[in-house]
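Comments concern the structure below.
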Number of protein chains: 2
Amino acid sequence: MRNDAPRAVTAICKALAEQIEHGLLPPGGKLPAERKLSEVFDTTRITLREALVQLEAQGLIYREERRGWFASPPRVLYNLLGRSHFNAIVSGQGRKPSTDLLSARLQPASAYICGLLDLPALSSVVQIRRARRIDGRLVLYVEHYLNPALFPGILELDLSGSLTELYAAHYKIHYGRVRFEMLPTALQTEAAAALRVSQGSPALHIVRTNRDQDGRLIDCDLEYWRHDAIHVSVEVID
Amino acid sequence: MRNDAPRAVTAICKALAEQIEHGLLPPGGKLPAERKLSEVFDTTRITLREALVQLEAQGLIYREERRGWFASPPRVLYNLLGRSHFNAIVSGQGRKPSTDLLSARLQPASAYICGLLDLPALSSVVQIRRARRIDGRLVLYVEHYLNPALFPGILELDLSGSLTELYAAHYKIHYGRVRFEMLPTALQTEAAAALRVSQGSPALHIVRTNRDQDGRLIDCDLEYWRHDAIHVSVEVID
DNA sequence: TAGTGGTCTAGACCACTGA
DNA sequence: CAGTGGTCTAGACCACTAA
């Protein structure tokens with residue numbers, strides 16, 4: 001690393017960042033083709049791509065598989081104490097939420113899920129897989145696992161909306177204690193495919209385990225957020 | 001992307017991941033040189049490095065600038081409701097914490113810091129910059145900003161230990177309400193240099209704003225964690 | 001000083017997107 | 001079907017680390 005002259009990659013990052021921050025590339029706007037950009041900056045595609053990947057890591061731009069690079073929209077604020085759900089959070093911030101239902105079925109619980117939900121070995125669970133969007137952009141892949149004893153017939157209902165509201169309306173179950181685990185990782189095969197990004201993209205993994213008003217473990221969510229789509233906040237009162 | 005045959009990068013990732021998970025490369029252990037590995041996997045260094053970067057993103061390995069690649073130690077659990085501090089958290093999990101004091105001085109507050117601490121324009125603040133280690137490994141870069149009115153003479157004290165304990169012992173100030181903001185990003189120049197990693201490495205940025213027992217804003221921390229060193233947990237009681 | 005990682009060049013082919 | 005991004009090759013030089 002040269003200490004006097006900045007790296008080519010750094011220079012490209014700065015130039016692009018400056019353009020984005022000054023609004024020359026509006027949020028959601030597509031960047032020019034990689035080959036064009038590498039000409040503009042008089043470098044190779046490899047080097048240019050390294051710069052793009054760094055900007056992606058910073059959250060300034062994102063890519064859609066085989067479609068190109070885009071300026072990132074603002075992050076959505078996820079207040080853990082807000083006790084709210086995706087649709088409400090997103091609409092509350094003036095954005096448009098939507099949900100793709102990927103699959104929903106009863107299946108044997110993995111050892112990991114049994115542990116989370118405190119179920120005996122070889123239990124069955126309801127698995128619901130969904131991809132969620134903000135203003136049309138895929139930002140969140142979730143696997144929900146529900147204790148089937150508490151939600152008879154749920155697979156017949158409309159699972160493309162808020163599960164929270166479904167629980168309340170059909171089962172009179174409300175969230176009580178909720179536990180969050182958060183860890184930065186990279187997207188694995190399933191999540192990457194669902195979000196249409198390349199495997200290994202940085203992401204924030206959140207595991208929610210939810211209890212109801214009586215303290216019973218009712219379900220858990222394995223969430224995978226695009227790392228640049230979210231901003232988590234918590235206020236701890238003494 | 002070929003759909004039938006897996007990518008070279010994916011194959012390399014799997015092979016290395018398998019070795020690590022089966023303990024052939026113990027945590028903290030150094031991987032062979034990149035050129036050696038690229039021979040082993042019969043590929044180029046570029047391709048091999050892409051695999052290493054993906055494993056880094058997953059948190060399985062990490063690098064030290066110009067020293068090589070190492071298997072990652074386990075993440076440390078950061079319970080936001082634990083109301084504990086770095087040294088206590090780390091020792092409590094059987095690991096060894098240490099702290100490098102990078103700088104400590106009174107300086108004009110940036111507009112951003114004024115906003116966080118609710119200070120008038122052109123205020124001065126005490127800035128303390130530290131790098132913190134777990135078992136010798138640099139994992140956290142922190143900038144602390146203190147309201148100087150509350151901590152007279154603090155620059156004369158030993159700032160390499162727990163500030164929490166310093167506040168209590170010398171100023172009878174204890175934390176009350178605490179606010180956390182968390183967002184995944186990439187390390188910028190200062191943090192990257194302090195942690196001796198390359199700019200643009202994935203990281204978890206945590207902003208803490210702390211109030212004392214009387215609700216006064218006393219200080220804030222801008223924390224930058226190596227993304228693979230931490231596991232955040234919160235329990236929300238209804 | 002030898003070897004390592006950090007950076008960069010100059011190409012190539014393929015699969016997919018979108019017109 | 002043209003253009004794009006995804007992937008890969010086969011090198012090179014430099015700065016730094018560790019012996």
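Quick note on labels: first sequence line is chain A, next is B, and so on, each numbered from 1. Side-chain atoms are counted along with the backbone in the values below, which use heavy atoms only and exclude waters and symmetry mates. As the structure is a computational prediction, the values presented were derived from the model and not from experiment.
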Separation of atom [atom1] in [X] from atom [atom2] in [N], rounded to whole Å:
X         : N      : atom1 : atom2 : value
Arg63(B)  : dT4(C) : CZ    : P     : 17 Å
Leu31(A)  : dT4(D) : CG    : P     : 13 Å
Arg196(B) : dG6(C) : CZ    : P     : 15 Å
Lys36(A)  : dG3(D) : NZ    : P     : 9 Å
Glu64(A)  : dT4(D) : CD    : P     : 17 Å
Trp69(B)  : dG3(C) : CH2   : P     : 22 Å
Phe41(B)  : dC8(D) : CZ    : P     : 14 Å
Ile61(A)  : dG5(D) : CD1   : C1'   : 13 Å

Give me, pair by pair, the N or O atoms of the protein and of nucleotides 17-19 of chain D that are less than 3.5 Å apart, along with how far apart they are.
unit_1, atom_1, unit_2, atom_2, d
dA18(D), OP1, Arg67(B), NE, 3.3
dA18(D), OP1, Arg67(B), NH1, 2.2

For the residue pair [X] and [Y], what are the closest heavy atoms and their distance?
X         : Y         : answer
Thr185(B) : Gln58(A)  : CG2-O, 3.7 Å
Cys220(A) : Leu117(A) : N-CD2, 3.8 Å
Asn87(A)  : Arg132(A) : OD1-NH2, 3.7 Å
Leu155(A) : Arg105(A) : CD2-N, 3.8 Å
Ser72(B)  : Gly59(B)  : OG-O, 3.0 Å

Classify the side-chain pair [X]/[Y] by whether it contains a donor and acceptor separated by less than 3.5 Å.
X         : Y         : result
Ser103(A) : Arg129(A) : yes
Arg95(A)  : Gln93(A)  : no
Trp69(A)  : Glu34(A)  : yes

Original post:
Base, sugar-phosphate alone, or nothing: which one does Arg49(A) contact when heavy atoms must sit under 4.0 Å apart?
Top reply: base
**OP:** Describe the nucleic acid contact of Thr43(A) in one word from base, sugar-phosphate, nothing, applying a heavy-atom distance below 4.0 Å.
**Re:** sugar-phosphate
Original post:
Arg226(A) side chain to Leu138(A) main-chain N or O, any donor-acceptor pair under 3.5 Å?
Top reply: yes
**OP:** For Asp135(A) and Lys96(A), indicate whether the former's side chain and the latter's backbone hold a donor-acceptor pair under 3.5 Å.
**Re:** yes
Subject >> Rounded (10°) bend between the five-pair end axes of the helix from dT1(C)-dA18(D) to dG18(C)-dC1(D) >> reply: 20°
Find every protein N or O atom lying less than 3.5 Å from an N or O atom of nucleotides 10-13 of chain D, and list the pairs.
none

Original post:
Using the ring of each side chain (for Trp, its six-membered ring), is Phe86(A) parallel, tilted or perpendicular to Trp225(A), with breaks at 30° and 60°?
Top reply: tilted
Original post:
Reckon Thr47(B) has a side-chain N or O less than 4.0 Å from the OP1 or OP2 of dT7(D)?
Top reply: no
